[in-house]
Amino acid sequence: RINRTTSVTEFLFSGFPQFEDGSFLFFIPLFFIYIFIVIGNLIVFFAVRMDTRLHNPMYNFISIFSFLEIWYTTATIPKMLTNLISKQRTISLIGCLLQMYFFHSLGNSEGILLTTMAIDRYVAICNPLRYPTIMTPRLCAQLSAGSCIFGFLVLLPEIAWISTLPFCGPNQIHQIFCDFEPVLRLACTDTSMILVEDVVHAVAIIFSVLVIAISYMRIITVILRIPSGEGRRKAFSTCAAHLGVFLMFYGSVSLMYLRFSATFPPILDTAIALMFAVLAPFFNPIIYSLRNKDMKIAIKKLLCSQKMPTSAS
């Protein structure tokens, strides 16, 4: 029987193995992956900002997405690393709410930005003559700022509601970071609201996926009509990186949040969480730098400009 007079002030993570069970072997690769994510996305961000040839809407959205990725991973990975080498794998209630807020707010902002990027590519390829007048620098800035502002505001009511719930029973979170469903299951209240949460998240995810999918289907249709093979290849290469990031981001998010009452084994839950919280951000700078000739030139120029003063001295 649950004692409703006691109040839980901290949660215990159970998604990772104990230190004695070899979790230090997970710490080393995760640490280097995190360093790579931060440095890789910083390079992409500054390469775009410092190369005037890349000052256009597409690369502006890419740079902002890379900047968001740094904070998206910082919301969870440092705490994961601490838990891997600590016997006390705990987080305070306030810390848990803040982690959920920032992780999902940044994720929401990225999702909206990916949708914006798909629409941008749709206008650029399907309506190229009007693209400069439609996607003006002002509209680009408004869309970028709007993605971030809306991403952070839309989650405030949900987090505020969760903060009012009583937590008085078990405090073990069966996940590697604080997430809605594992935390709500620990609340000493009616858990039917979990289904409502699932439906709200599902509608948001499906709507974004539909907008992006329709945009890219239309883009592919237009590209296939381009008479020259060189033109088709150039158009496809422009969209390939966006499509790759979209598939990785929404593919892993859909596995995590479009399953409703279906339950997975704990090891699979952890693997899916790692996929969208760690692996997708890890591959994003690789995809954007390797699949894009202009980006490779800008990164090379950025890195060489940093080395020049050193060599001169």
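Note that these values count all heavy atoms, side chains included, but never hydrogens, waters or copies made by symmetry. Remember, it's a predicted structure, so these values are computed and weren't measured experimentally.
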#### Entry: Spacing of F180 atom CZ and L184 atom CG [to the nearest 0.5 Å]
8.0 Å
### Query
So, does Y122 use its side chain to make a donor-acceptor pair with the main chain of M217 at under 3.5 Å?
no
#### Entry: Residue pair I286 / F283, side-chain heavy-atom distance below 4.5 Å
yes
### Message
Tell me the closest heavy-atom pair linking C178 and I91, and the distance in Å.
### Response
SG-CG2, 3.9 Å
#### Entry: T82 and R89, any side-chain heavy atoms less than 4.5 Å apart
no
### Exceeds 12 heavy-atom contacts within 6.0 angstrom, atom CD1 of I267
no
### Query
Short question: side chain of Y250, backbone of G111 - any donor-acceptor pair under 3.5 Å?
yes
### Query
Knowing that exactly one of Y72, F276, Y34 qualifies, which makes a side chain to side chain contact (heavy atoms under 4.5 Å, CB included) with P281?
Y72
### Query
What closest approach, in Å, do G95 and S92 show between heavy atoms, and which atom pair accounts for it?
N-OG, 3.0 Å
## Note on the structure
Value for NZ (K301) from CG (D51), rounded to nearest 0.5 Å, stands at 4.0 Å
### Message
Tell me whether the rings of F246 and Y216 are parallel (<30°), tilted (30 to 60°) or perpendicular (>60°).
### Response
parallel
### Minimum heavy-atom distance between M295 and L54, given as atom pair plus value
SD-CD1, 4.4 Å
### Task
Would you mind reporting whether Y59 and H55 have side-chain heavy atoms less than 4.5 Å apart?
no
### Message
Quick check: closest heavy atoms across I37 and N41, and the distance to 0.1 Å?
### Response
O-ND2, 2.8 Å
### Query
Can you hop from L186 to W161 via hydrophobic side chains spaced under 4.5 Å?
yes
### Query
Do you know which two heavy atoms are closest between A47 and L302, and how far apart they sit?
N-CD2, 3.7 Å
#### Entry: Polar side-chain atom of H104 near backbone of L155 as donor-acceptor pair, under 3.5 Å
no
### Task
Using distance alone, with no hydrogens and no angle criterion, decide if R121 and S215 have a side-chain donor and acceptor under 3.5 Å apart.
no
### Task
May I ask you to test the V44-E69 pair for a side-chain heavy-atom distance under 4.5 Å?
no
### Query
Just by distance, with hydrogens left out, do N60 and S144 show a side-chain donor and acceptor under 3.5 Å apart?
yes
### Task
Determine the minimum heavy-atom distance between F177 and A277, stating which atoms define it.
CE2-CB, 4.0 Å
### Query
Passes side chain to side chain contact (heavy atoms under 4.5 Å, CB included), M135 versus L143? Steps please.
CA-CA 10 Å; M135 198 60 68; L143 289 171; 4.0 Å; yes
### Message
Taking atom CD1 as the centre, does I94 end up with more than 12 heavy-atom neighbours from other residues, nucleotides or ligands that are less than 6.0 angstrom away?
### Response
no
### Task
Is it possible for you to say whether V48 and I297 belong to one hydrophobic cluster, with membership spreading through side-chain heavy-atom contacts below 4.5 Å?
no
#### Entry: Greater than 12 external heavy atoms within 6.0 Å of R53's CZ
yes
### Summary
Rounding to 0.5 Å, atoms CG (N108) and NE2 (H201) come to a distance of 7.5 Å
### Query
Does atom CZ of F46 have more than 12 heavy-atom neighbours from other groups under 6.0 Å away?
no
#### Entry: Donor-acceptor contact below 3.5 Å, side chain N171 vs main chain E10
yes
### Query
Counting N and O atoms only, with roles assigned by atom type, does the side chain of T136 sit under 3.5 Å from a partner on the main chain of L139, one being a donor and the other an acceptor?
yes
#### Entry: Main-chain N/O of S14 paired to Q172 side chain as donor or acceptor, under 3.5 Å
no
### Query
So do D179 and Y257 actually touch side chain to side chain, heavy atoms under 4.5 Å?
yes
#### Entry: Short side-chain to backbone donor-acceptor contact, N83 and K79, under 3.5 Å
yes
### Single-linkage hydrophobic cluster I134~F61, side-chain heavy atoms < 4.5 angstrom
yes
### Query
If only atom types and distance count, is the side chain of N56 paired as donor or acceptor with the main-chain N or O of M58 below 3.5 Å?
yes
### Task
Quick one: pull up CG in L30 and CG in L81 and give me the separation to the nearest 0.5 Å.
4.5 Å
### Query
Shared ILVMFWY cluster between L129 and I125, side chains joined below 4.5 angstrom?
no
#### Entry: Distance, nearest 0.5 Å, that separates CG of L68 from CG of N284
11.5 Å
### Heavy-atom side-chain contact between Q175 and F13 under 4.5 Å
no
### Query
Could you walk me through whether I173 and C96 pass the side chain to side chain contact (heavy atoms under 4.5 Å, CB included) check?
CA-CA 10 Å; I173 297 175; C96 188; 4.0 Å; yes
### Query
How far apart are the C-alpha atoms of V200 and E158, what are their side-chain angles, what is the distance that settles it, and do they pass the side chain to side chain contact (heavy atoms under 4.5 Å, CB included) test?
CA-CA 11 Å; V200 171; E158 196 169 358; 5.6 Å; no
#### Entry: Distance, nearest 0.5 Å, that separates CG of L156 from OH of Y101
4.0 Å
### Query
Are L97 and L12 grouped together when hydrophobic residues (ILVMFWY) are joined by side-chain heavy atoms under 4.5 angstrom apart?
no
### Worked verdict on T9 versus L93 for side chain to side chain contact (heavy atoms under 4.5 Å, CB included)
CA-CA 5 Å; T9 57; L93 175 59; 5.7 Å; no
#### Entry: Heavy atoms from other residues, nucleotides or ligands near CZ of F207 exceed 12 (cutoff 6.0 Å)
no
### Message
Counting the benzene-type ring for Trp, do F11 and F167 have ring centres under 6.0 Å apart?
### Response
yes
### Query
So, the side chain of S147 versus the backbone of S109: is there a donor-acceptor pair under 3.5 Å, distance only?
no
### Message
Is the shortest side-chain heavy-atom distance between T133 and R130 below 4.5 Å?
### Response
yes
### Query
Would you find a donor on one side and an acceptor on the other, under 3.5 Å apart, between the side chain of S163 and the backbone of A160?
yes
